[in-house]
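The structure appears below as structure tokens.
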Amino acid sequence: MHPYLHKRILEEVLGPHFSARELRIISWANMMQDRPRNQMGRPYIHFDDSAFAASESYIAAEYARLHAALKTGKRNTALRAFGRLLHTRQDFYSHSTWIHNWGDTVDLANTPEDAAPLCLDPLQHPELISGKGGIIWFILWRLPFLGKWFRRNYPPATDTHEYLNLDGPEKGPLFIYSYNAALRHTIVEWETVKQQFSTTA
Ligand SMILES: [Zn+2]
């Protein structure tokens, strides 16, 4: 999902619960997940490449870091861990086939934007896939002038990130459902830690 959308979700869900300074720490850690180093060889950070188990392990490891940090008074460390794990959780809905599969079963024109179910455990859904990366193609398709030619002659395969992603409104009518599900799942994650954060504020 595009960085400004991650940020918008964090502001909406966490804005009322953290100071502006703390929200900035969470947001920055969240958005830095998309830095180039994390785009190559680390698909689990973005729920890409069908690395569902690795993505869940990553989220669990960041939760462990968060709890350990809060116990030892390192609140900023905890805030950063929270921002990072929320990025991964939010990307699930824009990078996997969860929303696509659900979208095939409903009449989108008559379906409210908060209707898509949350996926609380991707490992229980063997039918899911998420897109394969491909940094070279990503660049070729975006070249000035030549990009159009590459895209026409070498269109993205249906199992690629390029084809499957719902990263922003430009991806069509399914986008709003993935965005809304990411927002609601962010609330679920917040509920699991709000007690710990409020007792250490
Ligand atoms: Zn990402």
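For ligands, and for the atoms within them, numbers begin at 1 and follow the listed sequence. Heavy-atom basis, side chains included; hydrogens, waters and symmetry copies ignored.
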Point to revise | N, O or S atom within D91 nearest to the Zn ion (ligand 1), by name | key: OD2
Exercise for review: Restricting to N/O/S, name the atom of H46 that gets closest to the Zn ion (ligand 1).
Suggested key: ND1
Practice item. Indicate whether any N or O donor in one side chain lies under 3.5 Å from an N or O acceptor in the other, for N101 and H125. Key: no
Exercise for review: Answer yes or no for H87: is there an N/O/S atom below the 2.8 Å cut-off from the Zn ion (ligand 1)?
Suggested key: yes
Check your understanding: Aromatic ring centroids of F197 and H17 under 6.0 Å?
Key -> no
Practice item. State whether a side-chain donor-acceptor pair under 3.5 Å links D91 with H6. Key: yes
Exercise for review: Check D34 and report its N/O/S atom nearest to the Zn ion (ligand 1), by atom name.
Suggested key: OD1
Review point. Can you tell me if D48 has an N, O or S atom under 2.8 Å away from the Zn ion (ligand 1)?
Key: no
Practice item. Please check if any side-chain donor atom of Y63 sits under 3.5 Å from a side-chain acceptor atom of T192, or the reverse. Key: yes
Point to revise | Donor + acceptor pair across side chains of N110, D107 (<3.5 Å) | key: yes
